Peer 1: 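Here's a structure for you.
Please read these numbers as outputs of a predicted model, since none were measured by experiment. Computed from heavy atoms alone, side chains included, the values below leave out hydrogens, waters and symmetry copies. Each chain gets a letter, A, B and so on, in the order its sequence line appears, and its residues count up from 1.
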Number of protein chains: 2
Amino acid sequence: MKPDSVSIREISKITGVSVATVSRVINNNGRFSKETEARVKKALKEYNYTPNLAARGLRTKRIATVGVVVPDITNEYFARITLHLQERLFAHSYSTIICNTDEKADIERRHLDMLLSQQVSGVMYVSGTPHAFDRLSHLPAVFIDREPQTAREAGNYSLIESDNFLGGALAARELLQKGCRRLCVFKYRDDISTHNAREAGFRQAAREAGLQAGDVRVEIVPDVSVLQGYEKAKAVWQAGGFDGLFCTADALAVGACNALRAEGVEIPGQVKLVGYDDTAIAHYGAVPLTSVHQSTEEIGRLAADTLLQIIDGNQPERRHITLPVHLVVRASTGGQSEEA
Amino acid sequence: MKPDSVSIREISKITGVSVATVSRVINNNGRFSKETEARVKKALKEYNYTPNLAARGLRTKRIATVGVVVPDITNEYFARITLHLQERLFAHSYSTIICNTDEKADIERRHLDMLLSQQVSGVMYVSGTPHAFDRLSHLPAVFIDREPQTAREAGNYSLIESDNFLGGALAARELLQKGCRRLCVFKYRDDISTHNAREAGFRQAAREAGLQAGDVRVEIVPDVSVLQGYEKAKAVWQAGGFDGLFCTADALAVGACNALRAEGVEIPGQVKLVGYDDTAIAHYGAVPLTSVHQSTEEIGRLAADTLLQIIDGNQPERRHITLPVHLVVRASTGGQSEEA
DNA sequence: CCTCGCTGAGTAAACGATTACTCATCCTGC
DNA sequence: GCAGGATGAGTAATCGTTTACTCAGCGAGG
């Protein structure tokens with residue numbers, strides 16, 4: 001019913017000032033008298049003016065929109081980060097285009113082409129391996145969780161991650177302190193810095209506690225899914241077993257838990273279990289799961305602020321931010337207390 | 001490194017044809033010879049031409065982007081729908097701007113203003129009560145799950161939902177068939193068509209089985225959260241109890257399950273429990289949860305196709321689509337079999 | 001031989017907003 | 001009384017595409 005949207009020109013006609021002045025008032029840019037300002041603002045409100053972002057973007061070559069590239073939005077951890085990113089960016093009047101890549105290079109490529117076409121002012125990579133990073137080497141970018149392996153020379157980006165090494169170490173210490181000696185790690189892939197760091201931290205803590213390298217068995221899984229955890233746990237248990245298991249993602253731990261119980265193994269009696277990310281499933285699973293917690297809110301907030309800094313042309317305060325993590329102890333390691 | 005992006009004009013200079021012809025080739029629109037086409041296409045590829053969507057949007061007043069308004073992206077059910085929406089829209093070369101409203105009217109309003117500024121060609125409402133629907137009464141829109149209560153006269157929209165009435169009825173029949181007679185329903189709010197329909201279906205099935213209206217107790221909860229389910233279950237149990245509980249969302253059921261077990265109640269021995277949405281937590285919770293399953297994939301696919309039809313100016317085949325649901329029976333009602 | 005219709009392609013005007021120039025007016029200080 | 005700076009505001013070019021007109025050339029029908 002209402003007019004689709006009035007343009008700056010119509011406001012100009014209505015108020016009797018030129019379009020240039022209207023634009024100046026809108027952007028609070030340049031000089032104009034108090035009266036002019038009042039008159040224009042009144043008209044803007046009254047006629048419900050909505051700026052045409054296409055026109056503005058065309059002229060200024062920048063648009064208050066950033067792309068968010070995420071491997072799987074149905075993963076609760078990623079969803080939470082995405083949510084906080086959006087909240088923060090929205091508060092700075094940026095909008096976000098969320099792209100789900102499913103970890104597929106060709107999908108990511110198409111998404112990036114689209115983002116470039118949209119003239120987005122920056123890109124946020126949530127835990128993604130950027131296969132197509134070269135396409136946007138000149139664009140402001142922030143990586144969350146995973147470091148880009150390629151195109152590292154292009155300078156215009158930052159990395160925000162939580163302390164994965166520490167997270168792995170906390171997991172190991174918890175298991176060791178609770179008496180575990182035959183340790184096992186289920187790690188997601190072998191080429192992701194995030195998960196490698198978790199393993200490294202775990203190993204180091206085990207070494208410090210006097211274990212030999214051979215006392216820690218590491219299994220690689222190709223997917224983060226409950227099913228993968230289930231299958232792998234069944235296989236490893238039947239092939240010799242362990243008394244402490246650390247999974248670099250909660251879903252794996254949940255699957256492992258199910259498999260072990262199906263084998264008649266008691267948790268935490270015979271096997272103790274630690275997951276990662278502290279997702280809802282960890283709270284409410286069959287056996288409440290001890291898990292490494294990282295603050296998605298803080299990650300999102302910092303990442304958004306950093307990207308905005310880069311977009312504004314300021315060097316970010318820090319190029320590489322590492323956030324602390326802590327362990328939430330639950331029944332799967334037989335504990336009540338929560339340790340920082 | 002690479003040139004930011006070549007424009008149509010540069011392609012025109014390179015190939016020696018006019019910009020108009022280049023545009024025609026790009027859009028496969030109008031007449032041009034085979035040779036011209038080949039020459040232009042070669043140049044486009046070679047110089048890595050990327051269309052400027054701002055310019056195109058400015059000229060054509062429409063842009064291949066739709067807004068997706070969702071109350072809470074961290075809710076697995078919404079996230080799955082959003083994912084499938086995006087996949088489908090992306091396949092038709094539309095991009096999506098995902099907006100999280102947190103069910104807050106003012107946030108929704110700001111999001112909608114932004115979407116209008118972006119000149120999006122349509123809006124998808126995922127299970128949201130459109131508080132600000134009037135802002136976009138002229139825009140193509142598809143509602144998923146919840147029917148708009150206001151501005152209903154504006155004709156340009158469709159509604160996709162699953163059969164909530166049937167879902168409620170299936171839940172009731174399952175509980176009744178397993179011997180429950182003192183039934184209780186935890187319903188999310190009292191003003192949401194979706195959840196009201198679930199309750200209505202539940203009541204009707206109970207009536208058909210010979211129960212009196214008084215045999216079904218209904219409790220309203222203000223939030224879909226595990227905590228709410230926990231508190232409400234504790235209170236209701238201590239105030240008299242029930243032997244069959246239906247929650248209109250899985251999270252509530254998980255909370256209720258925890259509370260009841262904390263009270264020493266056996267599930268499914270003393271109380272049987274049915275949830276809704278069949279989310280991961282239903283599979284892997286402490287007691288695997290019987291739940292009503294709706295296909296997020298189908299909902300997403302249909303919604304996307306319908307919105308595209310409306311955008312293209314065709315009346316959608318059906319203005320109101322209702323999808324079937326089925327019950328997945330698990331331990332919380334003591335069952336193994338899966339019923340359609 | 002003239003005219004008509006078709007084909008392929010160029011010219012130029014939008015779309016809505018921003019901004020570099022320009023300019024009239026007024027004030028201030030000498 | 002006048003130079004010169006400050007102030008407020010208008011003119012017009014521009015961003016990259018699309019598209020309504022226009023037109024030259026060519027083949028066919030009368």
Peer 1: What nucleotide among C/dG10, D/dA9, C/dT19 has an atom nearest to a side-chain atom of A/Thr21?
Peer 2: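 Of all the options, the side chain of A/Thr21 is nearest to D/dA9.
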Peer 1: How close do B/Gln86 and A/Asn100 get, counting heavy atoms only, and between which atoms?
Peer 2: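 Between these two residues, the closest heavy atoms are OE1-N, 3.2 Å.
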Peer 1: I want to verify a distance call: between C/dG10, C/dT19, D/dT19, whose nearest atom is closest to the B/Asn29 side chain?
Peer 2: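 Minimum distance to the B/Asn29 side chain belongs to D/dT19.
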Peer 1: Measure CD/B/Glu10 against C1'/D/dT17 and give the value in whole Å, please.
Peer 2: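 Rounding to the nearest Å, CD of B/Glu10 and C1' of D/dT17 are 14 Å apart.
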Peer 1: Can you figure out which of C/dG10, D/dA9, C/dG16 approaches the side chain of A/Arg9 most closely?
Peer 2: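 Nearest to the side-chain atoms of A/Arg9, counting from C-beta on, is C/dG16.
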Peer 1: May I have the distance from A/Glu35 (atom CD) to D/dA9 (atom C1'), rounded to whole angstrom?
Peer 2: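 Rounded to whole Å, this separation is 13 Å.
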Peer 1: Reckon B/Ser23 touches a base, only the sugar-phosphate, or nothing at all at heavy-atom distances under 4.0 Å?
Peer 2: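 Counting heavy atoms under 4.0 Å across all strands, the contact made by B/Ser23 includes a base.
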Peer 1: What is the nucleic acid contact for A/Val22, judged by heavy atoms within less than 4.0 Å: base, sugar-phosphate only, or nothing?
Peer 2: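 Touches nothing.
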Peer 1: Taking only the side-chain heavy atoms of B/Arg56 (C-beta and beyond), determine which of D/dC15, C/dT18, D/dT17 contains the nearest atom.
Peer 2: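 In terms of side-chain proximity for B/Arg56, the closest of D/dC15, C/dT18, D/dT17 is D/dT17.
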Peer 1: Do the numbers put A/Arg110 on top of the ring of B/Phe90, so that NZ or CZ is under 6.0 Å from the six-membered ring centre and no more than 45° off the axis?
Peer 2: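 Yes, A/Arg110 lies over the aromatic ring of B/Phe90.
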Peer 1: Where the side chain of B/Arg24 is defined as all heavy atoms beyond and including C-beta, which of D/dG8, D/dT11, D/dT19 is the nearest nucleotide?
Peer 2: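 From the listed options, D/dT19 comes nearest.
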Peer 1: Calculate the interatomic distance between A/Asn28 atom CG and C/dT18 atom C1'; express it in whole Å.
Peer 2: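 My rounded result for the distance is 15 Å.
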Peer 1: Expressed in angstrom and rounded to an integer, what is the separation of A/Ile26 atom CD1 from C/dA17 atom P?
Peer 2: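 The distance from CD1 of A/Ile26 to P of C/dA17 comes to 7 Å, rounded to the nearest Å.
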Peer 1: In terms of the nearest nucleotide of DNA chain D, which residue is placed more toward the 5' end: A/Val19 or A/Arg39?
Peer 2: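 Result: A/Arg39.
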Peer 1: Whole angstrom is fine here: how far is it from CZ in A/Arg62 over to C1' in C/dT19?
Peer 2: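 Going from CZ in A/Arg62 over to C1' in C/dT19 covers 15 Å.
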Peer 1: If you check every side-chain atom of A/Phe32, which of C/dG10, D/dA9, D/dA13 has the closest atom?
Peer 2: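 The listed nucleotide nearest to A/Phe32's side chain is D/dA9.
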Peer 1: Any chance the side chains of A/Thr65 and A/Gln118 put a donor and an acceptor closer than 3.5 Å?
Peer 2: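 Their side chains do not contain a donor-acceptor pair, so the 3.5 Å distance test is not met.
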Peer 1: Do the side-chain N or O atoms of A/Ser18 get closer than 4.0 angstrom to the phosphate oxygens (OP1, OP2) of D/dG10?
Peer 2: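 Indeed, a polar side-chain atom of A/Ser18 lies that close.
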Peer 1: Under 4.5 Å between any side-chain heavy atoms of B/Asn314 and B/Ile310, yes or no?
Peer 2: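 Side-chain contact under 4.5 Å: no.
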Peer 1: Closest approach to the side chain of B/Arg31, judged atom by atom: which nucleotide of C/dT11, D/dT17, C/dG8 is it?
Peer 2: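 Among C/dT11, D/dT17, C/dG8, the one nearest the side chain of B/Arg31 is C/dG8.
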Peer 1: Out of A/Val126, A/Val120, A/Ile73, A/Val142, which residue meets the side-chain contact (heavy atoms from CB on, under 4.5 Å) rule with A/Val68?
Peer 2: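 It is A/Val126, the one option of A/Val126, A/Val120, A/Ile73, A/Val142 that forms the side-chain contact (heavy atoms from CB on, under 4.5 Å) with A/Val68.
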Peer 1: Of all the nucleotides listed (C/dG8, D/dG16, C/dA17), which has the minimum atom distance to the side chain of B/Thr36?
Peer 2: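 Ranking C/dG8, D/dG16, C/dA17 by closest atom to the B/Thr36 side chain puts C/dG8 first.
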Peer 1: Rounded to the nearest angstrom, tell me the gap between atom CD1 in A/Ile63 and atom P in D/dG16.
Peer 2: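 Taking atom P of D/dG16 as the reference, CD1 of A/Ile63 is at 15 Å.
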Peer 1: Quick one: do the A/Ser158 and A/Thr306 side chains pair a donor with an acceptor below 3.5 Å?
Peer 2: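 Looking only at side-chain atoms, A/Thr306 and A/Ser158 do not form any donor-acceptor pair under 3.5 Å.
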Peer 1: Can you tell me the distance, in whole Å, between the NZ atom of A/Lys61 and the C1' atom of C/dT18?
Peer 2: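 Going from NZ in A/Lys61 over to C1' in C/dT18 covers 13 Å.
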Peer 1: Within this structure, what is the CG-to-P distance between A/Leu58 and D/dT14, rounded to whole angstrom?
Peer 2: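 My rounded result for the distance is 13 Å.
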Peer 1: What's the closest nucleotide to the side chain of B/Asn52 if the choices are D/dT17, D/dG8, C/dA12?
Peer 2: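 When the side chain of B/Asn52 is considered, D/dT17 is the closest of D/dT17, D/dG8, C/dA12.
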